[in-house]
Structure formats: C-alpha cells, structure tokens
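This structure is in structure tokens; I'll ask about it shortly.
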Amino acid sequence: MASTANTVHGRVEQARVELTPVQMAAGMLFVAALGYTLLFVQDPLVHDSMHNFRHAAGIACH
Amino acid sequence: MLAEYLTRGVKAGLVAGVVFGLFMAVVANPLVVYADEMNHAAADVDGGHEHESEAAHAHGDEGDHAHEDGSGHEHEDGSHGHEAGGHTDEGESHADGGEGHHDTAVSMAVNKAVSVVSGGLWAVLLGGAFFGIAFYFLEPAIPGAGAAKSYAMGLAGFVTVSGAPWLVLPPASPGAQQSLPVSTRIPLYAGMMVAGALTCLLAGYVYNRLRASNGRSVAIVGGLLPFGILAIPAVLAPTNTIQGALSPELRTGMTGLFVFGQVLVWLLLATTHAQLRSANTSQTDPSAASRGATLSAD
C-alpha cells in the first residue's frame, strides 16, 4: 500500500480510493461549516472572549 | 491511513495545547491584563476621560474591534455593555481592575478562561491541519527523512501561520493603537499567510531538485533562498505604526514573548509528532524487517 503513495500525487490518489465520496463530502462540509462559523461568529462575544489569547498568539485586531 | 495521520497530528496538538494553555494561564493572561490596564489608565489621564472620543480609546478607534461601522464603542445599541456599567460613564469603571474594567462584551473571568481553552485548541487545530492532513498529503515531498520531516513541517507551519504575517504585522502589545485599520490588516495578514505557504512549498521544491543533482549542502542553501522573497511584500506593505502607553522596551519584550510562545507551540508539535512517528515505525518495524528478509531471500 505504501509503495503506491510515495509521491504527493500518490497520496491524493490514495485518499481518493480510501475515502468514499460521502465521507469526502462530509469532511468538506464540516470544514466549510467550521470556517464559516469562525469567520462570522466573531463579534463581539467570541471575539472578545479570546482577547488575551489573540494577543498571545500574535493575532491582535485592535 | 489518512485517519491514522490525522490522529497523530491531533495527539501532537494535544501535547502542545496543554503547554500553550498553561502558558496562556500563567504568563499571557496576567501580562495582557496588566498591559491593558496600563493603557487604559494612560488613556484616562491623557484623554481627559473622553471615552466616547475615537482617539482616546485603545479599542474601537478606527472603527475596528470587529465592528466595522466606525461607531467606536457605541456598538450599535449599546449591547456591547459590560457588567461594570459600560463606557459611557466617563471612565469611572476603568481602574477598578475587576470585571468589566476592559471594554469587552464579556467579563474578565470569561476572557481568561476562554483564552486558556483557546490556547489549547489552537495547538490542536494546528496539529490536525498541519501535522495531520497537510503532512499526509505532502510527506513524500517534505525534505529530509524521519524526524527531520516533522521539524521541516513545523518550520513551514510557523512561517505560514505566524512568521510571514509578522514580517508586516508583528504581534501588537495589548491596548496599543495601530495606524492601519482592521479592514486593511486582515487581507494583509491573510495575504502574507498565502505568501508564506507558497514560499515554503517553493523552498521544498528547490531543495528536492538540488538534493538530487547537487548534494545536500547545496540543497540546504538553495532551499533557504526562497525565504528571501518574503522580504519583498514585507517592504512593499504599508507601515503599521503602533502607539500606546507602554514603554518601547516593554512592548518589545511582550512581542518577543508572544513570538517565543508560537515558536514553542510549533517546536512541541514537531517534536511530539516526530516521537509518535518513530514510535509507530518501531512498532511496525519487525514485520517490515521480516518482509524485507523474505524479499531478499526470494
């Protein structure tokens, strides 16, 4: 199995073989939902709750 | 196999997350609160309690703080209020050091607790995304062998997520006022992340090409060269001047500390990931060895 995936292209192919279309769609949808939520849930509750963390991570906004 | 990689990445993230969560709780939380208080106290003195003015406030000037309406801290309907009575009170709640001293939608306790949890989850997210999914797909192309691959991924992750954006927008100390508006800084930050990721991919590509033809040391030098490209957008980007009540030394120290914190996260991610990979390899080694023996015997 490993020998078929020794390139980046091989890995992509392997993922395509191993994952069913439904699994892939579910994964994509989950990531999209997560990204969408993180993007638009920002203000002000979540945004302000993470104030100290954002500074510590160097992602300051104000 | 992808699930196995993802699990390993998340595990590495958990280890780094525990440490960064502790860093948040023990170091960053108290420091940020202190710096915020210093800035607010200075704003009270300098600004003559003009809390409604756009200029006197550490937050909300430039209409930012995720409120792009330019209304400063009016927050549309005043719902951004805080336990201590909000900021329409000419500043009486500022120096109390208690809940609501800082103009946020949440209490200080929530801010601190959520920040600690965020610190932990931040590392888990990075672990899953970089050392899980990205590592699965890019592993054949990542320079080096064994543990070196984990460290190369850690370096690439740091450059992408923090290093490259910080060339333009270094970590700002709490309460500091920045000259560029948020609407400029967000695309700038995102653009530098993309530039960082592309640079890392290019560096890996150059290394692999030179490694095959010219040997390791030439490949290392050649692989490092693309990082110089990052200087171009860093020079061309608009300058973001930072003002605040903190002394420049303290500001520099805090910036250094936060940079150090992120370096620590990536180092822990890479180290733990390398350990988990080698543990996995040694587990599967006997079968691999016997398979090799069978093959050679054939």
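Order of the sequence lines fixes the chain letters, A, B, ..., with proteins taken first and strands second; residue numbering starts at 1 for each chain. Computed from a predicted structure; not experimentally measured.
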Problem set entry | chain A contact via B/Y5 - side chain, backbone, both or neither, heavy atoms under 4.5 Å | side chain

For this session: Show the numbers, then the answer: is there a side-chain contact (heavy atoms from CB on, under 4.5 Å) between A/R54 and A/H47?
Result: CA-CA 9 Å; A/R54 284 185 291 100; A/H47 182 84; 3.5 Å; yes

Exercise. Taking atom CE of B/M192 and atom CG of B/L167, what is their separation to the nearest 0.5 Å?
Worked result: 5.0 Å

Problem set entry | Top of B/L257, B/V114, B/L31, B/L2 for chain A proximity - count of heavy-atom pairs under 4.5 angstrom | B/V114

Exercise. Taking the inter-plane angle between the rings of B/F20 and B/F23 on a 0 to 90° scale, is it parallel (under 30°), tilted (30 to 60°) or perpendicular (over 60°)?
Worked result: parallel

Seminar exercise, completed: Looking only at B/A28, B/S118, B/P170, B/P171, most heavy-atom pairs under 4.5 Å shared with chain A are made by B/S118

For this session: Could you tell me whether a side-chain N or O of B/S173 sits under 3.5 Å from a main-chain N or O of B/A176, the two making a donor and an acceptor?
Result: no

